[in-house]
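A quick write-up on the structure given underneath.
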Amino acid sequence: AQHAQFIKDQGHKIIWLGKNEEESLLARQFEMILAQGKDNIFVSFDIDSICSAFAPGVSCPGVRGLSAQQAMDICFLAGKCEKVR
């Protein structure tokens, strides 16, 4: 709760996985966020966010998380965005 509140206090938005279960919905939301961002966007991707069925060797495995396809879609979109540095 403290981490979520910190993000909100900084003026940022959290997109919770539960509302984005559909594979393409999460990618579309991420693409919209990138489009709305200013130049020089920093993207950090924590593989602990991937479901342990797809990433079993992470430090904090979870039974819920991004699918391998969702993770790849996010990484691909970040990589092709000219604003991402």
Show every donor-acceptor pair shorter than 3.5 Å between a side-chain atom in residues 2-12 and any protein atom, with sequence neighbours excluded, or say none if there are none.
unit_1	atom_1	unit_2	atom_2	d
Gln5	NE2	Asp9	OD1	2.7

Heavy-atom distance under 4.5 Å between the side chains of Leu26 and Asp73, does that happen here? no

Taking the side chain as C-beta and beyond, is there a heavy-atom pair between Ser59 and Asp48 under 4.5 Å? yes

Same cluster or not: Leu77 versus Ile41, using hydrophobic residues (I, L, V, M, F, W, Y) connected whenever any side-chain heavy atoms lie under 4.5 Å apart? yes

Pairs satisfying side chain to side chain donor-acceptor pair (under 3.5 Å), at least one member in residues 76-85, at least two apart: Asn40-Arg85

For Leu66 and Phe54, which heavy atoms make the closest approach, and how far apart are they? O-CD1, 4.0 Å

Shortest non-hydrogen pair, Val63 vs Cys51, comes out as O-SG, 3.4 Å

Pair Leu34, Glu31 - check side-chain contact (heavy atoms from CB on, under 4.5 Å), show working. CA-CA 5 Å; Leu34 290 175; Glu31 196 166 29; 5.6 Å; no

In this structure, would Val84 and Ile47 fall into the same cluster of hydrophobic residues linked by side-chain contacts under 4.5 Å? yes

State whether the number of non-hydrogen atoms from other residues, nucleotides or ligands found under 6.0 Å of Phe76 atom CZ is greater than 12. no

Do Phe45 and Ile50 have side chains that approach each other closer than 4.5 Å (heavy atoms only, starting at C-beta)? yes

